[in-house]
Amino acid sequence: RSMNKLKVLLTILMGTLIAFSAQRAYYVKTGELSSIYSDIIFTRLAVESQEYTRQIEYGVKNGKSLENFYNISSVLSGVRRCCSYTNGVYIFSSDRRQLYSLNDGGSPVTRFSVGDFSGGSVYSVYDDSVGGRYVLTLPIFGRGNEVCGYMVLDISRDAVENTLSDISEEYWKQSAALGILCWLTGALMMIHLCKSKEKLFRQGTLVISAAVCMQSALDAAISVFKFSVTIGSIIQQSVSKITMSLQNDLDTVNEKGVALSKIYDLNSWLMENYKDIPFIDNLIYDRNYRITAVISDSYINERTWSYAAALLMMVLLCAGAGLLLTAAVTWIERSVYLFRRNKKNGNNSGAGKTEYAEEGELVPYTNAGK
């Protein structure tokens with residue numbers, strides 16, 4: 001009966017460790033996915049908004065002043081229409097003075113980050129967790145290709161979290177289902193394989209380690225497969241919006257009476273637009289000047305392997321912890337067993353009728369009282 005109670009306690013411990021491992025893996029999965037998804041979303045927003053920063057840049061390079069830019073309100077309105085999660089659009093000078101703004105009356109943007117835009121960065125983002133938003137910064141280049149100002153977007157965190165919440169819920173359900181399955185499997189193994197009372201803790205630890213590693217490995221394998229499908233879908237949606245934005249730019253030029261066949265540097269213009277987008281390999285156009293994007297398989301593979309490596313590290317940590325715990329329990333059990341055996345032998349030697357010399361020879365026992 002005492003052995004059955006110990007098995008129940010070990011089974012409860014197994015469930016606790018499976019739940020802990022699943023929780024840690026969940027944080028790793030959602031953290032990696034959030035980083036990749038936000039990068040894709042912000043890149044897409046930056047490229048779409050560049051349609052309007054180019055309008056400002058064109059004016060500045062042709063002698064207009066950024067501080068007195070004509071019809072700036074229509075530019076800000078156009079930027080805001082790029083994303084329904086945009087709460088506000090601001091124009092700052094190169095020395096970070098606010099020049100123009102269009103917001104919904106919420107908290108104004110006072111802090112934003114500036115990246116190394118001269119090095120080819122498309123955008124810079126500041127995570128304003130207190131304000132519940134992301135602050136996206138795009139450079140405005142003036143004469144001499146120097147940064148003369150910044151376009152700053154106030155993006156609600158819902159732009160990222162609303163999509164990720166559905167995926168996170170799937171992760172929870174998946175982890176819970178696999179956790180219960182592996183726990184039940186481990187419980188059956190505990191009942192049928194752990195039959196020796198002297199080795200119960202050693203065998204029980206092996207079963208617990210196997211169940212935890214099995215849950216972690218299955219969860220990781222399924223998650224990596226889902227991730228590769230999810231990121232492909234997200235990139236496809238973002239690329240479609242990017243090409244649509246660029247197509248609108250091209251159609252606008254055509255509507256102004258400029259024959260597209262006369263644009264000699266169209267390929268250079270397309271290259272300029274995709275060279276800093278990591279998930280697009282190329283932009284091409286057909287005889288009707290319809291733009292098509294070639295999605296980068298290498299980017300998807302690189303991100304998928306990065307995601308897989310993070311989860312593999314979790315599996316290896318579980319396996320390593322299981323091996324160390326099993327080794328420790330085995331050592332303790334053996335130490336206890338040797339201690340008890342030596343104690344028993346010591347008690348028997350005092351009451352026995354034969355002593356053993358160091359060389360193993362039998363030494364006759366003499367009774368001094370005889």
Side-chain angles (χ1 to χ4, degrees), residues 27-28 30-57 60 66-67 69 72 75-142 145-165 167-168 231 234-235 238 241-242 245 273 276-279 303 306:
Y27 288 134
V28 171
T30 53
E32 287 286 323
L33 185 61
S34 176
S35 173
I36 294 170
Y37 179 70
S38 59
D39 186 35
I40 294 171
I41 292 298
F42 294 148
T43 300
R44 191 254 299 174
L45 284 175
V47 173
E48 287 185 287
S49 300
Q50 281 177 346
E51 173 187 349
Y52 301 96
T53 59
R54 279 194 291 267
Q55 293 180 24
I56 299 175
E57 290 170 350
V60 172
L66 182 61
E67 298 190 12
F69 201 89
I72 192 66
V75 174
L76 299 181
S77 298
V79 174
R80 191 169 180 180
R81 285 194 297 268
C82 289
C83 176
S84 58
Y85 293 105
T86 304
N87 298 322
V89 184
Y90 303 83
I91 301 293
F92 287 84
S93 64
S94 57
D95 57 358
R96 303 199 179 200
R97 290 180 295 110
Q98 181 180 307
L99 304 178
Y100 313 99
S101 67
L102 176 65
N103 60 48
D104 58 2
S107 176
V109 170
T110 56
R111 295 182 60 186
F112 59 93
S113 64
V114 175
D116 183 17
F117 297 124
S118 60
S121 297
V122 178
Y123 69 88
S124 180
V125 64
Y126 167 63
D127 186 355
D128 184 4
S129 56
V130 177
R133 61 189 176 186
Y134 296 101
V135 181
L136 193 68
T137 306
L138 310 176
I140 299 174
F141 294 100
N145 220 29
E146 295 291 330
V147 175
C148 65
Y150 305 100
M151 179 179 286
V152 177
L153 282 65
D154 177 353
I155 308 295
S156 171
R157 296 182 73 87
D158 292 341
V160 174
E161 294 178 356
N162 280 357
T163 300
L164 291 181
S165 61
I167 302 175
S168 298
I231 191 176
I234 292 172
I235 288 176
S238 296
K241 292 184 177 181
I242 288 172
S245 174
N273 280 282
D276 296 320
I277 303 176
F279 47 85
R303 287 296 199 172
S306 173

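- Between N103 and N87 the shortest side-chain heavy-atom distance does not fall below 4.5 Å.
- Counting only distance, with no hydrogens or angles, the side chain of S49 and the backbone of L45 share a donor-acceptor pair below 3.5 Å.
- Looking at Y52, its side chain never comes within 3.5 Å of a backbone N or O of R80 through a donor-acceptor pair.
- The line from CD1 of I234 to CZ of R303 is 11.5 Å long, rounded to the nearest 0.5 Å.
- Counting all heavy atoms, side chain and backbone alike, A46 lies closest to Y123 at CB-CB, 4.0 Å.
- Atoms CD and OG, from E161 and S34 in turn, are 7.5 Å apart once rounded to the nearest 0.5 Å.
- Under the 4.5 Å side-chain criterion, counting only non-hydrogen atoms from C-beta, N162 is in contact with Y85.
- Using a 4.5 Å cut-off on side-chain heavy atoms (C-beta onward), I56 and M151 make contact.
- Note on ring orientation: taking the six-membered ring where Trp is involved, the planes of F92 and F112 are tilted (angle from 30° to 60°).
- The side-chain heavy atoms of V89 and S101, taken from C-beta on, include no pair separated by under 4.5 Å.
- Rounding to the nearest 0.5 Å gives a distance of 10.5 Å between CG of L102 and OG1 of T86.
- Formation of a donor-acceptor pair under 3.5 Å by the T137 side chain with backbone atoms of S113 is found in this model.
- When each of V152, T53, V79, I140 is tested with I91 by the rule side-chain contact (heavy atoms from CB on, under 4.5 Å), just one qualifies, namely I140.
- By the 4.5 Å heavy-atom criterion applied to side chains, Y100 and F69 are counted as neighbours.
- In this structure, OG in S107 is found 8.0 Å from CG in D154, a value given to the nearest 0.5 Å.
- From L136, atom CG reaches atom OG of S124 across 8.0 Å, with rounding to the nearest 0.5 Å.
- Shortest non-hydrogen contact noted between A159 and I155 is CB-CG2, 3.8 Å.
- Here the side chains of L138 and Y150 are not in contact, with every heavy-atom distance at 4.5 Å or above.
- Screening T43, I41, I36 against D39 for a side-chain contact (heavy atoms from CB on, under 4.5 Å) leaves a single residue, T43.
- Counting heavy atoms from C-beta outward, E146 and F141 have side chains that stay 4.5 Å or more apart.
- S238 places no side-chain N or O within 3.5 Å of a backbone atom of I235 that could act as its donor or acceptor partner.
- For the pair D158 and R133, the salt-bridge criterion is not met [side-chain N within less than 4.0 Å of a carboxylate O].
- Of the possible polar contacts, none joining the E57 side chain to the G142 backbone as a donor-acceptor pair under 3.5 Å is found.
- For the residue pair T30/S168, the side-chain donor-acceptor check at 3.5 Å is not satisfied.
- The pair D127-R157 meets the salt-bridge criterion, since a charged nitrogen lies less than 4.0 angstrom from a carboxylate oxygen.
- Residues I40 and I231 have side chains in contact (heavy-atom distance under 4.5 Å, counting atoms from C-beta outward).
- Look at E67 and R97 and you find a salt bridge, because one of the NZ, NE, NH1 or NH2 atoms lies within 4.0 Å of a carboxylate O, short of that distance.
- Between F42 and Y134, a ring centre-to-centre spacing shorter than 6.0 Å is recorded.
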